[in-house]
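Below is one structure, written out as C-alpha cells; comments come after it.
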Amino acid sequence: MLVYPSGVDVSSSALRFLSAKLRQRRRELGTRWRRLSPGRQALLTLAHLRNGHPYAQLAAGFGIGTTTAYRYVTEAVGLLAALAPTLAEAARTASSKAFVLLDGTLLPIDRVAADRPFYSGKHKGHGMNVQILADPTGRLLWTSPALPGAVHDVRAAREHGIIAALTATGITCWADKGYRGAGGTVRVPYWGRWETLSQGQKAVNRSHAKIRALVEQAVATLKSWRLLRKLRCSTTRITSLVQAVLTLHLASSDR
C-alpha cells in the first residue's frame with residue numbers, strides 16, 4: 001500500500017486535549033511502552049473520526065497493524081465518550097440560555113433493505129436517529145444516544161427524557177413539526193397547509209423558522225466529522241462515536 005502525507009482539519013487544542021487524556025489513562029494503567037505515543041494515538045483517532053479513513057489505511061500510514069489501529073481508536077473513542085455531558089448536565093447548561101433548539105438528524109449506515117427498523121421514511125434511507133440540543137447561536141450542546149432510524153423524532157425525544165428534562169428546568173425549546181404533541185416547554189409551528197393558515201399563524205411560523213434555523217449549524221458541526229456521514233460499523237458503536245465527537249467539539253470550543 002502506498003503512503004502519502006495528509007492533513008486533518010481539526011484544531012490543535014483537540015489534539016492536545018485527547019493526548020493529555022490518553023497520557024493520563026496510560027499512567028493509570030501503568031503502561032510502559034506502546035507502538036504509538038499518546039500524541040500519535042490521538043492523531044490516529046482524529047484522522048479516523050474527521051476523515052473517515054478505514055483502519056487498514058490508517059495502519060499503513062502510522063506503521064502499525066490493522067488490529068492495533070482498531071484497538072487504539074476504540075480505546076480513545078471510549079475514553080472520549082465517557083467524558084461527554086449527560087442530559088442533566090446539558091439541561092443545567094441550557095438553563096442559563098434564553099432558549100434551546102432541538103432537532104433530530106439521521107446518520108446514514110450501510111444496511112440492507114431487510115433492516116426495516118433502521119429505515120427512515122422521512123429521509124428515505126437507513127440510518128440512526130440522533131437528537132441534538134443547541135444554544136441560541138447554533139452551538140452544539142448535547143447529542144443523544146443513537147436509536148434506529150425508524151424511530152420518529154418526538155418518540156425519540158420522549159424516550160431520551162429530553163422533554164421532561166427541559167420542562168423541569170423551565171427553559172423554552174424550539175423544534176420543528178416533527179415534535180408536534182411533545183408538550184412541556186417545546187414550541188412547534190402551527191400545523192396545516194400553508195394556504196389554510198391565518199395571516200397570524202403564517203407570521204408565527206415564519207418567526208419560528210428564523211429562530212430555529214440556527215440548529216442546522218449544530219447538525220453541520222456534527223456531520224463535519226466525515227465518519228458520521230456514512231457509518232460502516234456495528235450500530236452498537238455509533239452512540240460512542242457520536243459522544244466522542246461531541247466531547248472533542250466542546251473541548252475545542254471551550255479553549
Side-chain angles (χ1 to χ4, degrees), residues 77 80-95 97 99-109 117-189 208-209 211-225 227-229 231 235-250 253:
V77 166
L80 289 170
L83 298 172
T86 64
L87 178 58
E89 292 169 340
R92 284 196 295 271
T93 301
S95 64
K97 311 292 182 181
F99 57 86
V100 293
L101 306 169
L102 172 63
D103 199 8
T105 188
L106 187 80
L107 301 181
I109 58 175
F118 299 99
Y119 184 80
S120 169
K122 175 182 176 181
H123 297 276
K124 308 300 181 184
H126 294 85
M128 299 294 285
N129 180 305
V130 173
Q131 299 294 299
I132 292 174
L133 284 178
D135 69 9
T137 64
R139 179 175 179 267
L140 185 63
L141 294 178
W142 179 80
T143 57
S144 74
L147 291 176
V151 177
H152 196 272
D153 281 340
V154 68
R155 177 186 162 191
R158 286 177 177 144
E159 288 193 16
H160 295 310
I162 300 172
I163 300 169
L166 295 178
T167 302
T169 60
I171 185 169
T172 302
C173 173
W174 298 82
D176 62 20
K177 293 180 181 179
Y179 298 88
R180 187 165 63 107
T185 56
V186 178
R187 300 290 179 263
V188 297
H208 188 283
I211 291 173
R212 66 168 303 277
L214 286 174
V215 75
E216 297 302 330
Q217 291 186 14
V219 175
T221 295
L222 189 65
K223 293 189 176 181
S224 65
W225 297 80
L227 181 70
L228 301 183
R229 297 179 188 176
L231 289 155
T235 55
T236 59
R237 296 187 59 226
I238 295 177
T239 293
S240 294
L241 292 171
V242 173
Q243 290 176 337
V245 166
L246 173 63
T247 298
L248 288 170
H249 168 69
L250 294 178
S253 57

[atom1] of [X] to [atom2] of [Y]: how many Å apart, nearest 0.5 Å?
X: R212; Y: C173; atom1: CZ; atom2: SG; result: 9.5 Å
X: L101; Y: L140; atom1: CG; atom2: CG; result: 11.0 Å
X: L87; Y: R92; atom1: CG; atom2: CZ; result: 10.0 Å
X: I132; Y: T105; atom1: CD1; atom2: OG1; result: 5.5 Å
X: K97; Y: I171; atom1: NZ; atom2: CD1; result: 9.0 Å
X: L107; Y: L222; atom1: CG; atom2: CG; result: 6.0 Å

Which heavy-atom pair separates [X] from [Y] by the least distance, and what is that distance?
X: G149; Y: L106; result: CA-CD1, 3.7 Å
X: T221; Y: W225; result: O-CD1, 3.4 Å
X: S95; Y: T169; result: CB-CB, 4.4 Å
X: A175; Y: P189; result: O-CD, 3.5 Å
X: L141; Y: A134; result: CD1-C, 3.8 Å
X: S240; Y: V77; result: O-CG1, 3.7 Å

Can a donor-acceptor pair be found, under 3.5 Å and without considering hydrogens, that links the side chain of [X] to the backbone of [Y]?
X: T247; Y: A81; value: no
X: T167; Y: A164; value: no
X: K124; Y: G121; value: yes
X: Q217; Y: L214; value: no

Tell me the side-chain hydrogen bond (donor to acceptor under 3.5 Å, both in side chains) pairs involving residues 141-162, sequence neighbours left out?
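The answer is N129-D153, Q131-D153, S144-H160, R155-E159.
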
With A182 via side-chain contact (heavy atoms from CB on, under 4.5 Å) - residues at least two apart:
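With sequence neighbours excluded, A182 shows a side-chain contact (heavy atoms from CB on, under 4.5 Å) to V154, I163, Y179, V186, given in chain and number order.
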
Should R139 and L250 be marked as a side-chain contact (heavy atoms from CB on, under 4.5 Å) after you check the CA-CA gap, both sets of side-chain angles, and the distance that decides it?
CA-CA 9 Å; R139 179 175 179 267; L250 294 178; 3.8 Å; yes

Show your reasoning for whether side-chain contact (heavy atoms from CB on, under 4.5 Å) applies to I238 and I109.
CA-CA 10 Å; I238 295 177; I109 58 175; 3.7 Å; yes

Answer whether the closest heavy-atom distance between the side chains of L133 and L166 falls below 4.5 Å.
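When only atoms from C-beta onward are counted, L166 and L133 do touch, with a gap below 4.5 Å.
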
Side chain to side chain donor-acceptor pair (under 3.5 Å) against T172, all qualifying residues, sequence neighbours excluded:
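Expected list: none.
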
